[in-house]
Amino acid sequence: MLYTSTRESKVRVTAAQAIAQGISREGGLFVPESIPKFTPGELDVLARLDYIGRAEHILAKFLTEDGGSTSSGWKREQVSQCARAAYESGFTSPAVAPVRPLPSQGGALSVLELFHGPTCAFKDLALQLLPYLLTASAAKTQQGKEIVILVATSGDTGKAALEGFRDVPGTRIMVFYPGDGVSAVQKLQMVTQEGGNVLVAGVSGNFDDAQSGIKEIFTDAALRETMAKTGRVFSSANSINWGRLVPQIVYYVSAYCDLRNQKRLWPGEAVHFAVPTGNFGNILAGYFAKQMGLPIDKLICASNRNRILADFFATGRYDRNRPFFTTLSPSMDILISSNLERLLWLATGGDCEKIAGWMKQLAATGTYEIPPELLAELNETFIGGACNDTQTKNTIHQYYTRCGYLADTHTAVALRVLEDYRNTTGDTAPAVVVSTASPYKFAASVLGAITGNEPEGGDEFSAVVALEALTGVPCPTPLKRLRDKAVRFTDNCSPWKMKEYVLEQLAGTQLSAV
Ligand SMILES: *Cc1c(COP(=O)(O)O)cnc(C)c1O
C-alpha cells in the first residue's frame with residue numbers, strides 16, 4: 001500500500017516514509033491511495049481476538065510488506081511486536097478500550113472508554129504505539145538521523161506524546177502548549193515530565209497559534225537542509241501524522257466486535273458513534289473504519305462552544321473568522337481542524353487541486369465553502385452538533401444522577417449532542433459515545449457540575465480528593481501522584497519565535513544515539 005498527499009497527486013510514498021516525515025513537503029497530509037475492505041466473515045474472526053490481536057490485524061492492512069520502490073516494507077512479525085509493546089502493559093483495563101453499556105431512554109447506549117492508558121486520555125491509544133512505528137519507520141527511511149518530534153497540544157496530546165517518546169533512543173521531543181488554554185492537571189502532567197530527551201514550553205497564544213507555528217517549521221525547506229546537515233530530521237506526533245490515525249481505526253472495529261459479542265447488535269446491524277471532536281482525528285479514524293466496511297451508520301461530530309465543525313456540517317462553509325472561546329473541554333478548543341482536509345480529499349475522490357485551493361483560501365481569508373452536493377454527501381454520514389459549558393455541566397450532573405456514570409467534560413459534550421440528535425430525529429438506533437478522558441483530568445469542573453457549587457479556586461487536588469470521596473470512583477494513580485512531582489519546565493515563548501526557540505534548544509544538545 002502506498003500513500004499520497006491531499007494536496008499533490010504526484011506524491012507517492014511508503015507507509016514508513018509517511019510516518020517518518022509526518023507531513024508532505026507541500027503542506028498536504030498523507031493519505032492511503034486505497035482503503036482495504038473487510039471480507040465477509042473477517043469481522044467475526046476479529047471478534048474472537050483480544051485487542052492486541054485486532055490491532056495487529058488492522059495495522060498490517062495499512063503497514064504492508066511491499067515497500068513500493070524502496071525496501072521499506074513491514075514484516076507482519078514487526079507489526080505484531082509494535083502492537084504488543086504498545087498495548088500489553090501500559091493500560092489498566094485488560095480490554096484496553098472497554099465498551100460499557102449505560103441505561104438510556106432513547107435507544108441502546110454504550111460508552112467506549114479510551115482513557116485507561118498511562119496519561120488518562122484517548123491520545124494514549126495512538127501515542128503508546130507511535131514511537132514504535134516512528135522509530136521503525138525512521139530506521140527504514142532516515143538511517144542514522146535523530147528524529148526531533150515537535151508537538152502542538154491542546155492539552156492531552158502533549159502529555160501522551162511525552163510519555164510515549166520519553167527516553168526512546170534516537171528521538172527528541174519538544175511539546176508546545178497554549179499558556180492559558182489547558183487544565184491545571186494537564187499542565188502539571190506536562191511540566192513535571194521525566195526523561196532525558198524531553199522539553200516542554202508554553203506558547204503565548206491558543207492551540208491554533210502553536211499548531212500553525214509548528215506547521216511552518218515543518219514546511220521550511222531551508223531549515224530542513226540545515227537540520228539534515230546536523231544529522232537531524234523533524235517529525236510530528238500530532239494527528240496530522242498518519243501513524244496517529246491508523247491505531248485509532250482499531251478501537252472502532254474493536255468496539256463493534258465487543259458489541260456483537262455482548263449481543264447488543266444483530267449481525268450486520270449498524271451503530272452510530274458520537275465523538276467529542278477538536279482536530280477531527282478521532283472521528284476521521286471512525287470514517288476510515290466505515291470505509292473499510294465496518295457497519296457504522298452516523299458519525300456524530302460533537303463540538304463545544306467553538307462550534308466551527310457544527311456550523312460546517314450544517315452549512316458547508318468553514319469559517320474561522322470568529323471569536324475563540326476557552327471552555328471546560330479545552331482539548332476541543334480548536335478552530336483549525338486539520339484532519340478535515342483528509343475527509344474532503346476522500347469525499348472528493350482525491351481531488352488534490354480542489355483541496356489545495358480550499359486550504360490556500362483558508363490560510364489567506366480564514367474561510368472556504370464546499371458545494372451543496374458535497375455537503376449532502378458528507379451529511380449522509382456526518383451530523384454536527386454543539387453544546388456550551390452550561391449544557392456540558394448539566395449533562396455531567398444528569399448522567400451521574402441518572403445512571404451513576406462519571407463523564408469528563410469532553411465525553412459529556414458527545415453525550416449531550418447525541419441526545420439532541422436522538423430527540424430531534426427520533427432515531428433510536430444503537431449508539432456508542434466515545435469517552436476521551438478520565439473525569440479526574442478535569443476534576444474541579446466535574447465536581448462543580450455534580451455538586452452544583454464551583455469548587456474554591458486554586459487547588460485542583462482538593463477537587464480530586466472530594467470527587468473521589470463523593471463518587472467512590474477511584475482516581476487513576478498517575479494523576480494522584482502528580483501532586484508530589486517536581487516542576488521541570490517553566491519556559492514560555494511567543495508563537496512567532498517558535499522556530500528560533502527550537503533551534504536554540506537543539507544547539508545546546510548532543511545528538512542522541514540511535
Ligand atoms: C484530543 C481530544 C479530543 C479531540 O480529539 P480530535 O482527534 O482532536 O478531534 C477530545 N477529547 C479529549 C479528551 C482529547 O484529548
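Note that the coordinates shown come from a computational prediction; the quantities given were computed from them, not determined experimentally. Both ligands and their constituent atoms are indexed starting at 1 by order of listing.
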Measure the distance from atom 6 (P) of ligand 1 to every protein heavy atom, then report the residue, atom name and distance (to 0.1 Å) of the closest one.
N279 N, 3.5 Å
Below the 3.5 angstrom mark, is there an N/O of T277, backbone or side chain, next to an N/O of ligand 1?
no
Do any nitrogen or oxygen atoms of A121 come within less than 3.5 Å of a nitrogen or oxygen of ligand 1?
no
What protein heavy atom is closest to atom 11 (N) of ligand 1, reported as residue, atom name and distance in Å?
T436 OG1, 2.9 Å
Who are the side-chain contact (heavy atoms from CB on, under 4.5 Å) partners of N388, not counting sequence neighbours?
T390, Q391
Proximal atoms of ligand 1 relative to G281 (non-hydrogen, under 4.0 Å):
6 (P), 7 (O), 9 (O)
Which ligand 1 atoms are under 4.0 Å away from a heavy-atom of D156?
12 (C), 13 (C), 14 (C), 15 (O)
Hey, does P276 sit under 4.0 Å from ligand 1 if you only count heavy atoms?
yes
Centroid separation under 6.0 Å, is that true for the rings of F280 and F382?
yes
Using a strict 4.0 Å cut-off to heavy atoms of A437, name the atoms of ligand 1 that fall inside it.
13 (C)
Need the ligand 1 atom indices (1-based, order shown) with element for anything under 4.0 Å from a heavy-atom of M332.
10 (C)
Fit a plane to each ring of F62 and F288, take the angle between them on a 0 to 90° scale, and name the class: parallel (under 30°), tilted (30 to 60°) or perpendicular (over 60°).
perpendicular
SB check K298 D427 (cutoff 4.0 Å):
no
What atoms of ligand 1 come within less than 4.0 Å of a heavy atom belonging to K123?
1 (C), 2 (C), 3 (C), 14 (C), 15 (O)
Non-neighbouring partners of D491 that pass salt bridge (Lys or Arg N to Asp or Glu O under 4.0 Å), sequence neighbours left out:
none
Should E194 and R481 count as an ion pair when the cut-off is N to O under 4.0 Å?
no
Once you measure the plane-to-plane angle for Y318 and F312, does it fall in the parallel (<30°), tilted (30-60°) or perpendicular (>60°) bin?
perpendicular
Indicate whether the side chain of Q186 and that of S331 have a donor and an acceptor atom separated by less than 3.5 Å.
yes
Atom 7 (O) of ligand 1 [closest protein heavy-atom partner, distance rounded to 0.1 Å]:
N282 N, 2.9 Å
Check each heavy atom of K441 against ligand 1 and say whether those closer than 4.0 Å belong to the side chain, the backbone, both or neither.
neither
Output yes when the distance from some N or O of ligand 1 to some N or O of S154 is under 3.5 Å, and no in every other case.
no
Would you say S254 and R54 are linked by a side-chain donor-acceptor pair, where the criterion is simply a distance under 3.5 Å?
yes
Answer yes or no: is there an ion pair linking K393 with D389, defined by an N-O contact shorter than 4.0 Å?
no
Nitrogen or oxygen atoms of G278 and ligand 1 under 3.5 Å apart:
yes
Side chain, backbone, both or neither: which applies to F280 and ligand 1 if a contact is any heavy-atom pair less than 4.0 Å apart?
backbone
